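The block underneath contains the structure these notes are about, expressed in structure tokens.
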Number of protein chains: 2
Amino acid sequence: MKPVTLKEIAEILGISITTVSKALKDYPDVSKKTKRLVKETAATLNYKPNAFAVNLRTRESKTIGIIIPEVVHHFFSSVIKGIIAQAEKKGYLVIILQSNESFELEKKQIDLLLSKRVDGILMSLANGTVNFNHLNEIIETDTPLVLFDKIAKVVKCSKVIIDDRKAAYTATKHLIDIGCKKIAHFRGPLLPQNSIDRFLGYKQALTDHNRPYDPSLVYICNCSDKSFDEGKESAQKLLKDHNDVDGIFINTDLVAIGALTEFNKQGIKVPDDIAVVGFSNWFMSSVISPTLSTIDQPGYDMGKTSFKLLYKEIKQRKKKEPVTFKTVELPTELVVRESSTKSITVEN
Amino acid sequence: MKPVTLKEIAEILGISITTVSKALKDYPDVSKKTKRLVKETAATLNYKPNAFAVNLRTRESKTIGIIIPEVVHHFFSSVIKGIIAQAEKKGYLVIILQSNESFELEKKQIDLLLSKRVDGILMSLANGTVNFNHLNEIIETDTPLVLFDKIAKVVKCSKVIIDDRKAAYTATKHLIDIGCKKIAHFRGPLLPQNSIDRFLGYKQALTDHNRPYDPSLVYICNCSDKSFDEGKESAQKLLKDHNDVDGIFINTDLVAIGALTEFNKQGIKVPDDIAVVGFSNWFMSSVISPTLSTIDQPGYDMGKTSFKLLYKEIKQRKKKEPVTFKTVELPTELVVRESSTKSITVEN
DNA sequence: ATACAAATCGAAAACGTTTTCGTAAAATCG
DNA sequence: CGATTTTACGAAAACGTTTTCGATTTGTAT
């Protein structure tokens, strides 16, 4: 019934708790014979060390926390998968918290994780995050922190990102290359750096190729759980405001899919009338009609890399080595699909 | 730097650790004055109780574990979200593990959670799970266990399920109702009860409505991460083997979407030539073309309900009350979309 | 004044480990 | 055989909290 303890094993074998503990951990000052004995009885009794006691003593929880804006999201669930897979290899358990894009929740959850004494924290910031005191609080407690995707540049910690600006530039340039004359942009919320960068990439691509930047061609979507509907609405507005737009670069796939749906409904031909490029490469994008061109964002790899960075830092702190912060930039890729292959579709 | 402890607060205030502890927890035998004093200094020092010490003492981790086959999956990520939301309300943290549909991994992960002394475990079984000794091991340690969706009927614990058989019956009956004469079924793997039940519901609906059951119309898909491709392949086979099938009930949406894609490619009209009904109601199903009829499976609610059941059991054990196992059946709903609205589409 | 109750506090044990340090026994060596 | 090293073990402290129970002080009633 009650879990087996070192004490019980010690009593059964008539030796001390110390020796039992040492035997299980292969200390050199325990004879082979007692080691064997201890290990055998431990196995038959199904002994499992009490994690609390171990943690209390060693100040290591072998647990990390992760805070993300939203679990039900293809990109983030891929990241989670990458993190869990990597963490498990190193014997770490993962506690997952969800900020729901709320700054207040994010703060609370950090407190929760800190009081749980997790060995490290992995975070992707909420859109509503306006300052970074709570992140600095983490750093002050000497808890390793790695930010990924939605990061804060000013916070002193390791980061894993993609180059949103470059990717957006590539996507927009692609629209230019296939002959789009007037390119709109459905951007994300105003705050997070990602949507700012994607917007900047879009703008840069335009100006680099002698396209005038027209603010009225930029529509804002909050990219909440209503992304799909936002895409539809923005598409409606766009069609009303500008009947000569022939290309759109959209901040995220789900919004793009909403837009596509609206275009389909209104009989707008994609890509012939309007070419569309999304962002993130949700699985969905490869199965809708027309299939959606997009920027592939390596979620699984990002999770994997983030944990690796965190793990390295945990080890460094343990050995009292100086910790080095790194910013890893993962490559993205333009995935060209039907929604932006004008020439071919036109030829048919 | 180092986290603040009760001892430090005690020393600052010149009182005992005991009193500090009691003051913070509002024990009646501490004067209001010292309570105020203690709480103030605790707040300014940003004191956070050491979870390990508390856990070690109280034998409560305020943490639960959840094991699911796959994180990157609309249904399961919805469940996770439901669980996390509910758990957070009650002050519980959630550790997530992923079995990748492997029996061996599942066993290992249970061990991990048990040695972490989680207060309870929530599980959805892997397809590869062939026996349930590992589940009984959980029960033997007196750790509350709740199974959801992919359950084992014989295990003595609370469960949260849907009636797969009934839902499948409804889906198949719907195909019959819209006039399908020859209805095929793409079923899931052979082992898990869910795909068996869905198959049985399909079969039952046929025989109840004087349709002969024809085993050659049943195709097996493993529903792994290759679901989409499996759907395409099965669709190809079906078209080759039976050119007169006019309806399919498919074990899960992703496979159905694969099939739809293949049908689109081969110029088969859905629903006119073949009507299709899926299962699970992935978000994707509402945006593809044609939109996919399906059975809505309430993931978020399932997560919520599962945690509630687990929480109740945790409380019961704590109070040494007798634990009562409950099986909650959540309602499902047939969502009719374009892929199975023959009449209307035909009329147009 | 005495007796007694109420209010307030603290000592100490316990939770189950890990690890340092000391010691006894056995083995080695001259 | 005595001296020294090696081998094997255990006592005890520590991690930070909770809680029992006893002690002390203060207040109240006789």
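We use all heavy atoms of the structure for the numbers below, so side chains are in, but hydrogens, waters and symmetry mates are not. These figures come from a predicted structure and were not determined experimentally.
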| Does NZ or CZ of Lys304(B) fall inside the cone over Tyr300(B)'s six-membered ring, less than 6.0 Å from its centre and within 45° of the axis? | no
| message | Strictly under 4.0 angstrom, non-hydrogen atoms only: write out the protein contact profile of nucleotides 6-14 of chain C, one letter per nucleotide from the 5' end, B, S or -. | response | --BBBBBBB
| field | For DNA chain D, the residues among residues 44-51 of chain A that have a non-hydrogen atom under 4.0 Å from it | value | none
| field | Residues which pass side-chain contact (heavy atoms from CB on, under 4.5 Å) with Glu8(B), listed by chain and number, not counting sequence neighbours | value | Val4(B), Thr5(B)
| Arg59(B) CZ to dG16(C) P, straight-line distance once rounded to whole Å | 5 Å
| task | List in chain and number order the residues that pass side chain to side chain donor-acceptor pair (under 3.5 Å) with Lys39(B), two or more places apart in sequence or in another chain; answer none if no residue qualifies. | result | Asp26(B)
| For Arg317(A) and Thr143(A), which heavy atoms make the closest approach, and how far apart are they? | NH1-N, 4.3 Å
| Any Lys/Arg nitrogen of Lys108(A) or Glu104(A) sitting under 4.0 Å from an Asp/Glu carboxylate oxygen of the other? | no
| query | Quantified as the angle between the terminal helix axes (five pairs each), what is the overall bend of the helix from dA1(C)-dT30(D) to dG30(C)-dC1(D) to 10 degrees? | reply | 50°
| said: Over all strands shown, is Phe52(B) touching base, sugar-phosphate only, or nothing at heavy-atom distances under 4.0 angstrom? | reply: nothing
| Would the number of heavy atoms belonging to other residues, nucleotides or ligands and lying under 6.0 Å from NZ of Lys62(A) be above 12? | yes
| query | Under 4.0 Å between a side-chain N or O of Ser21(A) and OP1 or OP2 of dT18(C)? | reply | yes
Pairs of donor and acceptor atoms involving the side chains of residues 76-96 of chain B, under 3.5 Å and at least two apart or interchain, shall be tabulated with distances.
residue	atom	partner	partner atom	Å
Ser77(B)	OG	His73(B)	O	3.0
Ser77(B)	OG	His74(B)	O	3.2
Ser78(B)	OG	His74(B)	O	2.8
Lys81(B)	NZ	Glu70(A)	OE1	3.0
Lys81(B)	NZ	Glu70(A)	OE2	3.1
Glu88(B)	OE2	Gln109(A)	NE2	2.9

| request: Taking all non-hydrogen atoms of both residues into account, name the closest pair between Ala152(A) and Lys159(A) and its distance. | output: O-CE, 3.5 Å
| Atom OH of Tyr27(A) and atom C1' of dT7(D): how far apart are they, to the nearest Å? | 17 Å
| Shortest non-hydrogen contact between Ala126(B) and Ser102(B), atoms and distance | CB-N, 3.7 Å
